[in-house]
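Here the structure is laid out as structure tokens; the discussion comes afterwards.
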Amino acid sequence: MMRRQPPGAAVAPAAASLAPQFNYCPATRIYGFPSEMTEPTINPTTRPEWRALQDHYATIKITHLRDLFAADPRRGERFTAEAAGLYLDYSKPRLTDETITRLGALAHACGLSEHIAAMFNGAKLNLTEDRAVLHVALRAARDTVITVDGRNVVPDVYAVLDRMAAFSEQVRSGAWRGHTGKPIRHIVNLGIGGSDLGPLMAYEALRHYSLRALTCHFVSNVDATDFAETVRDLDPAETLFIVASKTFTTLETMANAQTARAWLVAGLGDEAAVAKHFVAVSTNAAAVGQFGIDPANMFGFWDWVGGRYSLPSAIGLSTMLALGAEAYHELLGGFRAMDEHFRTAPFAQNLPVLMGLLNVWYSNFFGAQTVAVLPYDQYLRRFPAYLQQLTMESNGKAVRRDGVPVDYQTCPIFWGEPGTNGQHSFYQLIHQGTKLVVCDFIGFCHSLNPLGEHHNLLLANMLAQAEAMAFGKPGEAVAAEGVPAWLVPHRTFPGNRPSSTILADRLTPAVLGALVALYEHSVFTQSVIWGINAFDQWGVELGKALAGRIIPDLASATSPLTHDSSTNALIRRYRAAREG
Ligand code: G6Q
């Protein structure tokens, strides 16, 4: 459960709270919701609110954004919402006031408010792993009380944050010396998936604020090229490795960690060097100890933090090293501001709820298969890659929470590139192709590198693209310019292509935190509507297990092959190539 503690108050026992309890009930595989709440695994398409949206869609699908804008001169101001430093313009998807009302009704019917409360109260929403989902606790204010199994976890969170801050200060100031006495100049984060994409994205995004005497690098791929190219010009005496792995068993990370250790020991000629050049971020203290990392140099987190939601946990250590503790806490503050907004704002003004519902609207009613995330900021170049994991690993599911297969679309495909580069490659398809691509534009009023006219050029392009997508250019307008008739179809833009625009003053740590939390909660909103569990990832397991079977077959030249004929033939070819 979650509540704010009055200053100076002792932590009250969990039982004193009047807040409803939401406990996972393994016997029935549903949450222990109070009886007035909706059954969580119902097929949303059978709800009257969904059918009402289908009827409504029949009228919306024949409208054009040109007409919607012409009918309401204030549309571009009305379909907007603002929170935590982010301004959202959602006037350019095809929708009306009625759409928002009906989507809100669907969200209420699906129990979104109750699910939000349940998440913030530490309910075990991750049914298949029997875990609470409490990334919001990682950025809660210091005086918040959030209990998991009767324990207030916020002091634990701050104990780790305070240790991270002390360690970061030592490294940043040069007080932490490597084995040979040199200060650290290079940080190499060894992690993959949630233990890589978040810190990498945040480091790139906030590089402007980073200490330039330190450079962070990220090695994730088990392909040795990743490690080899990363350390090629590094001096082991000045390099600190962060082994970032929640489980400390992940094949890629463990392979890279062993290789890094060998590289370091070979470079410095002493096993004892490991102590000053390796730290760990993990929930698995025993495995960290076995690797040879001093437990004093391990930063922990908890099983209620999902990998792709772990950026604000100790997994963000590289970010704190780069930024310093103060700016890191600003980042957490941005997350927190969006968390509070999501928890408390009415749906019609709630940015994550609106964005989540718009994805449902376009995926399930218009049949859109894909969302392009288009940041007009070079620092956010890794943001689409980060979002791919957040969105698709969370909601790329085809069964509801109770295991019943869905008969409707769930997560769209997320992808993207920073502007303006995409304009010179794939935007052609967005403007004139046969696919309906929903676009999220992200821009800032101020550049962190104001040089000449660059920023006006950048933002003009972002605004122009959204305008062109929405309004297009009808054939008559093309013909009126004297274009020959045969060429007119080629130069016509149909328009009516949906986009939303997120605009912020400038890219700061707090704004990045708010942006990430916005997408996290939008993902959660969608999962609640679809009735799926956004917090497990069983779909990544089969490939891992099969790789485990194939590894010995690649290591051996003679072991009998028992796979399918295609896999067997490929293995034989691989073996032959390596023997020759
Ligand atoms: C994310 C997933 C996954 C995970 C990686 C790394 O939600 O759980 O991407 O983060 O597999 O796992 P470890 O941190 O345990 O090495």
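In this text the structure is predicted, and so the values were computed from the model without any measurement. Ligands are counted one by one from 1 in listed order, and the atoms in each one are counted from 1 as well.
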Inset, instruction - Looking only at protein heavy atoms, identify the closest one to atom 1 (C) of ligand 1 and say how far it is in Å. - result: Glu393 OE1, 3.1 Å
Inset, instruction - Could you tell me the residue and atom name of the protein heavy atom closest to atom 5 (C) of ligand 1, and the distance to it rounded to 0.1 Å? - result: Ile192 O, 3.5 Å
Legend entry - Under 3.5 Å: donor-acceptor pair, side chain of Lys397, backbone of Asp536: yes
Legend entry - Protein contact to atom 8 (O) of ligand 1 [nearest heavy atom, distance to 0.1 Å]: Gln537 CD, 3.6 Å
Inset, instruction - Flag the pair Val160 / Trp302 as yes when at least one side-chain heavy-atom distance between them is below 4.5 Å, and no otherwise. - result: yes
Legend entry - Heavy-atom donor-acceptor pair, Gln389 side chain to Ala385 backbone, under 3.5 Å: no
Inset, instruction - Indicate whether the side chain of Tyr519 and that of Asp440 have a donor and an acceptor atom separated by less than 3.5 Å. - result: yes
Inset, instruction - Look only at interatomic distance and state if Gly194 has a nitrogen or oxygen under 3.5 Å from any nitrogen or oxygen of ligand 1. - result: yes
Inset, instruction - Give me the ring orientation class for His277 and His179: parallel if the planes are under 30° apart, tilted from 30 to 60°, perpendicular past 60°. - result: perpendicular
Legend entry - Ligand-residue contact atoms, ligand 1 with Ser195, heavy atoms, under 4.0 Å: 10 (O), 13 (P), 14 (O)
Legend entry - Non-hydrogen side-chain atoms of Phe535 and His135 separated by less than 4.5 Å: yes
Inset, instruction - Kindly confirm or rule out an N or O of Thr247 lying under 3.5 angstrom from an N or O of ligand 1. - result: yes
Inset, instruction - Take every heavy atom of Gln389, measure it against each atom of ligand 1, and state whether any distance is under 4.0 Å. - result: yes
Legend entry - Residue, atom name and distance, where the atom is the protein heavy atom closest to atom 12 (O) of ligand 1: Thr250 OG1, 3.5 Å
Inset, instruction - Using a strict cut-off of 4.0 Å, indicate which atoms of ligand 1 neighbour a heavy atom of Ser245. - result: 13 (P), 14 (O), 15 (O), 16 (O)
Legend entry - Side-chain ion pair, Lys276 and Glu238, N-O less than 4.0 Å: no
